[in-house]
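Read the structure below first, then the notes.
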There are 2 protein chains.
Amino acid sequence: MKNNKSTGEILREKREEKGLLLRHVSAELDIDTAILSKIERSERKATKEQILKLAEILDLDKDNLLVQYLSERILYEIRDEELGSKALKVAEQKMKYINNQKSQD
Amino acid sequence: MKNNKSTGEILREKREEKGLLLRHVSAELDIDTAILSKIERSERKATKEQILKLAEILDLDKDNLLVQYLSERILYEIRDEELGSKALKVAEQKMKYINNQKSQD
DNA sequence: TTATATTTGACCTTAATTGTCAAGTTAAAT
DNA sequence: ATTTAACTTGACAATTAAGGTCAAATATAA
């Protein structure tokens, strides 16, 4: 399947591919290396702004990275919820409904 | 379609159906009427605990109410995100993948 | 009108998120 | 084996967001 890599893994792989150090990238993000280290190991969440900046720094597709990131936030929202899966489906239904409404004005 | 009513609307309808006042229900929840009023008008989110207690007080199906509630939290997470819809789909894929992994140990 | 129910908004408290810093590991290179 | 640079860890501080109170303003209904 696709989408099996976490945002953190994507970021680390690409950073190493480019031969950049935590120090280099975290300086551009204006945060401590500790945080970037944690983000790459999925121990912390990045902010949306950091994700967008990381896409630039590492030449990653912005939309793709953002979708990965947002999907992780969604899953985080329903962590340890037994009904998470159902909730996701209902959320999609609602979303479709809302989008329909919008396209009808 | 189903699922077109917000959690707040569900709560208000059922409360009025039962002839209960904000005062009665909010007392049981141990919060001010102001908050319950806002929850019913979707101006504030309830906590998970409040949702569960509300299901009891109002004789609503717990799982149903919780799913409604969680789906709203999910949608809130991606409010004003253009890529929200894609993120939702990816979240579902990831969820399936995770569930597969779990059933294989 | 007067009483009761609900709503609104200003403000406070608590909890979660995001961050720093310094000390601890790990790994590579002599 | 020792040094050096990169990364990781955990305690804690700052900031932002969530959840709450209260009192005054609006409905609603008798």
Side-chain angles (χ1 to χ4, degrees), chain A residues 6-55 57-58 65-66 68-81 84 87, chain B residues 6-55 57-58 65-66 68-81 84 87:
Chain A
S6 71
T7 303
E9 287 169 332
I10 294 170
L11 294 173
R12 173 147 295 185
E13 275 184 21
K14 200 67 194 292
R15 174 174 65 79
E16 291 182 339
E17 225 176 280
K18 299 205 125 199
L20 296 169
L21 299 178
L22 284 178
R23 167 156 65 77
H24 299 136
V25 177
S26 65
E28 287 212 58
L29 291 177
D30 196 27
I31 53 171
D32 197 274
T33 56
I35 297 184
L36 184 54
S37 166
K38 284 168 188 169
I39 289 171
E40 288 185 346
R41 287 169 302 105
S42 305
E43 202 187 301
R44 285 270 182 114
K45 284 172 293 192
T47 65
K48 186 186 175 184
E49 289 62 42
Q50 288 164 348
I51 288 295
L52 296 177
K53 198 147 193 185
L54 281 164
I57 297 170
L58 301 175
L65 194 63
L66 197 50
Q68 283 303 319
Y69 168 72
L70 290 173
S71 69
E72 278 173 17
R73 297 194 64 127
I74 290 169
L75 290 177
Y76 183 75
E77 189 66 29
I78 53 178
R79 68 194 177 284
D80 12 277
E81 285 293 345
Chain B
S6 72
T7 303
E9 287 169 333
I10 294 169
L11 294 172
R12 172 146 297 184
E13 275 182 22
K14 201 67 191 296
R15 175 174 64 78
E16 292 182 337
E17 224 175 281
K18 301 206 123 198
L20 295 169
L21 299 177
L22 284 178
R23 172 156 61 77
H24 299 135
V25 178
S26 65
E28 287 214 56
L29 291 178
D30 195 28
I31 54 171
D32 196 275
T33 56
I35 296 182
L36 184 53
S37 167
K38 284 169 188 169
I39 289 172
E40 288 185 345
R41 287 170 299 107
S42 305
E43 203 186 300
R44 283 270 183 113
K45 284 171 292 190
T47 66
K48 185 186 175 183
E49 289 62 39
Q50 289 165 348
I51 289 294
L52 296 175
K53 199 147 192 187
L54 282 164
I57 297 169
L58 302 175
L65 194 63
L66 197 50
Q68 283 303 317
Y69 168 72
L70 290 173
S71 70
E72 277 173 19
R73 297 194 64 124
I74 290 169
L75 290 177
Y76 183 75
E77 189 66 32
I78 52 177
R79 68 195 177 284
D80 14 274
E81 285 292 345

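Every chain is numbered from 1 and lettered A, B, ... according to where its sequence line falls, protein lines coming before strand lines. Keep in mind that what you see is a predicted model, and the values were worked out from it rather than measured.
In this structure, A/Tyr69 contributes its side chain and A/Ile51 its backbone to no donor-acceptor pair below 3.5 Å.
Put simply, chain A comes within 4.0 Å of DNA chain D, heavy atom to any atom, from D/dA6 to D/dG10, going 5' to 3'. Think of the region where chain A sits on DNA chain C: with heavy atoms and a 4.0 Å cut, that region ends 5' and 3' at C/dT17 to C/dC21.
Taking CG of B/Leu75 as the reference point, atom CG of B/Leu70 lies at 11.0 Å (rounded to 0.5 Å). We find the OG-CD1 distance between B/Ser6 and B/Ile39 to be 12.0 Å, quoted to the nearest 0.5 Å.
Contacts of A/Glu16 with the nucleic acid, taken as non-hydrogen atoms under 4.0 Å apart, are absent. Using a 4.0 Å heavy-atom distance criterion, A/Ile35 is classed as a base contact. Within the nucleic acid shown, A/Lys45 comes within 4.0 Å of sugar-phosphate atoms alone, with no base atom in reach, counting heavy atoms only.
Within the structure, side chain to side chain donor-acceptor pair (under 3.5 Å) contacts touching residues 24-41 of chain B (residues at least two apart or in different chains) are B/Arg12-B/Glu40, B/Arg15-B/Glu40, B/Ser37-B/Arg41, B/Arg41-B/Glu43.
Between B/Leu21 and B/Asp32, the residue anchored closer to the 5' end of DNA chain C is B/Leu21, taking for each the nucleotide with the nearest heavy atom. In this structure, A/Ser37 and A/Arg44 both approach DNA chain D, and ranking their closest nucleotides by distance from the 5' end singles out A/Ser37.
Nearest approach of A/Leu54 to A/Leu11, heavy atoms of both residues: CD1-CD1, 3.7 Å. Shortest non-hydrogen contact noted between A/Ala46 and A/Gln50 is CA-OE1, 3.4 Å.
The only option from B/Lys45, B/Arg73, B/Lys48 that meets the salt bridge (Lys or Arg N to Asp or Glu O under 4.0 Å) definition with A/Glu77 turns out to be B/Arg73. Here the rule is side-chain contact (heavy atoms from CB on, under 4.5 Å) with A/Leu58, and of A/Glu13, A/Lys53, A/Lys14 only A/Lys14 fits it.
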